[in-house]
Amino acid sequence: MTTFVLLHGAWHGGWCWTRVATRLRDAGHSVFSPTFTGVSDRAHLLSPQIDLHTHVDDIVQLMDAEDLHDVILVGHSYAGMVVAGVTEQRPDRIRTRVYLDAFLPRDGESAIDLLPDHIARHYRKSVSGPGFGWLIPPRSLEVLGVTATEDLDWLTPRLTPQPWATYTAPLTLTARERDVPAAYIECTSWMRVFAPSAERARELGWPGYELDTGHEAMVTAPEPLALLLDRLAG
C-alpha cells in the first residue's frame, strides 16, 4: 500500500480528485485529498491574507498530524507550487513528487512568473476588475479542455475564486527540495500552458509522461491517470 496526497489546482477543492481517489483506494492505496484554505469547501475561511505559504502550511500540517511518511505527493496545475514548498519543508516524508500539468518553480519564482505573458495579463485584468483586487475569478472550463456536459455540470457550481496572493508569493527552494525524486505528467489535448514546466522536468532528467486529455485530467481521464499513478507507486 502506498500513501497518496493529491493536491488540487486553483478554484477547485479536494473533491475534484474523487474519480481518481476511488480507483487508487480500490487498488489498495491510502489517499488524502485535502482542500486548501479559502477555496471550495473551505471558502468560509477566505481572506486577503491567504497566500501560497498558507497552502504549503495546510499540507505540512496534514502530513505531520497524520504522521505520513513515504508519500507520493501529487500536485495539479497551481498545486505544483505547493508541492515544491512542502517538499522543501518535509523532504524526508516524501518518496516521490508528481507534477500533473503543473507549475515547476525554481528558487525565487511565483506562479504568475511561470504563466505565459498573455495569460498573466488576463489574470491581472481579472483580478483588478471582478476580482476586487485580491481574487482570481474561475477560468472557463472549456478553455481548460472540459467539454462533456456531465463534467461541466459537476465542476462549475463548485469552483470558487482563488486568492491572488497564492499566485504572487515567491518560494525559497534549496537542495532539500531538489534532491527528492520527481516525475512530470503533461496533458497534451489543450493549449499546453505548462509545456515550459514539462521542458524543465526533461532538462532535469525526470521521468516524463503524457496524457491525451485536457488540463483537468482527474476529471476527464481518471482511469488512465489512476493507472499511471498506480504504476509510479509500483
Side-chain angles (χ1 to χ4, degrees), residues 4-12 34 36-39 48-64 68-124 127 134-136 162-187 191-210 215 232:
F4 284 91
V5 177
L6 309 177
L7 307 184
H8 62 85
W11 314 298
H12 292 60
F36 298 135
T37 299
V39 294
Q49 286 69 48
I50 294 170
D51 66 6
L52 170 60
H53 305 293
T54 309
H55 292 170
V56 170
D57 288 343
D58 285 340
I59 307 309
V60 168
Q61 295 299 324
L62 168 71
M63 293 174 66
D64 288 353
L68 302 183
H69 294 269
D70 205 31
V71 166
I72 295 184
L73 183 62
V74 184
H76 174 241
S77 194
Y78 153 76
M81 304 296 296
V82 183
V83 167
V86 172
T87 306
E88 177 70 26
Q89 294 195 35
R90 295 292 185 273
D92 56 318
R93 290 178 177 259
I94 299 168
R95 183 207 306 181
T96 305
R97 52 203 165 110
V98 180
Y99 291 77
L100 172 61
D101 222 31
F103 292 123
L104 177 51
R106 294 173 177 144
D107 178 47
E109 289 182 329
S110 64
I112 196 66
D113 296 331
L114 301 179
L115 283 174
D117 288 344
H118 68 286
I119 296 179
R121 285 195 298 271
H122 169 74
Y123 274 46
R124 290 188 174 97
V127 170
W134 66 281
L135 293 169
I136 313 171
Q162 178 86 3
W164 177 228
T166 62
Y167 267 66
T168 58
L171 279 176
T172 299
L173 301 174
T174 69
R176 287 167 58 86
E177 180 259 349
R178 292 192 298 271
D179 289 345
V180 175
Y184 199 97
I185 304 171
E186 187 184 6
C187 301
M191 64 178 69
R192 301 181 78 164
V193 169
F194 295 93
S197 287
E199 179 59 28
R200 282 187 178 183
R202 284 190 288 272
E203 291 171 355
L204 291 167
W206 293 2
Y209 307 89
E210 292 184 352
H215 182 53
L232 290 172

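We use all heavy atoms of the structure for the numbers below, so side chains are in, but hydrogens, waters and symmetry mates are not.
Nearest heavy atoms, I50 versus A165: O-CB, 3.4 Å. Nearest heavy-atom pair across T172 and D107 is CA-OD1, 3.3 Å. The nearest pair of heavy atoms linking L171 to A84 is CD1-CB, 3.9 Å. Nearest heavy atom pair, residue P34 against residue V5, reads CD-CG1, 4.3 Å. The shortest heavy-atom contact between S197 and A102 is CB-O, 3.3 Å. Pairing each heavy atom of A79 with each of H8, the nearest pair is CB-O, 3.2 Å.
Judged by distance alone, the side chain of D58 and the main-chain N or O of F36 form no donor-acceptor pair under 3.5 Å. Counting only distance, with no hydrogens or angles, the side chain of R95 and the backbone of I72 share no donor-acceptor pair below 3.5 Å. Between the E210 side chain and the E186 main chain, no donor and acceptor come within less than 3.5 Å of each other. A donor-acceptor pair is defined here as one N or O able to donate and one able to accept, closer than 3.5 Å; such a pair exists between the side chain of R97 and the backbone of V180. A donor-acceptor contact shorter than 3.5 Å is absent between the side chain of H76 and the backbone of A10.
In summary, the aromatic rings of Y78 and F103 are positioned with their centroids too far apart to meet the 6.0 Å limit.
Residues Q89 and D57 meet the side-chain proximity criterion, which asks for heavy atoms closer than 4.5 Å. The side-chain heavy atoms of P105 and L173, taken from C-beta on, include a pair separated by under 4.5 Å.
With values rounded to the nearest 0.5 angstrom, L73 atom CG is found 9.0 Å from L6 atom CG. From H12, atom NE2 reaches atom CG of L7 across 13.5 Å, with rounding to the nearest 0.5 Å. For the atom pair OG1 (T96) and CZ (F4), the distance works out to 9.0 Å, reported to the nearest 0.5 Å. To the nearest 0.5 Å, atoms CD1 (I94) and CD (E177) are separated by 9.5 Å. Within the model, atoms CD1 of I59 and OG1 of T87 stand 11.0 Å from one another, a figure rounded to the nearest 0.5 Å. Between atom OH of residue Y167 and atom CG of residue L114 there is a gap of 10.0 Å, rounded to the nearest 0.5 Å.
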Report task. Step by step, work out the side chain to side chain contact (heavy atoms under 4.5 Å, CB included) result for R178 and L204. Result -> CA-CA 10 Å; R178 292 192 298 271; L204 291 167; over 6 Å; no
**Report entry** Full working for side chain to side chain contact (heavy atoms under 4.5 Å, CB included) between F194 and C187
**Finding:** CA-CA 9 Å; F194 295 93; C187 301; over 6 Å; no
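For S110 and D113, the side-chain atoms include at least one donor-acceptor pair closer than 3.5 Å.
The aromatic rings of Y184 and Y99 lie parallel to each other, with less than 30° between the two planes, well short of the 60° mark.
With sequence neighbours excluded, the residues forming a side-chain hydrogen bond (donor to acceptor under 3.5 Å, both in side chains) with R200 are E109, listed by chain and number.
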Determine all donor-acceptor pairs shorter than 3.5 Å in which one atom belongs to a side chain in residues 115-124; sequence neighbours excluded.
none

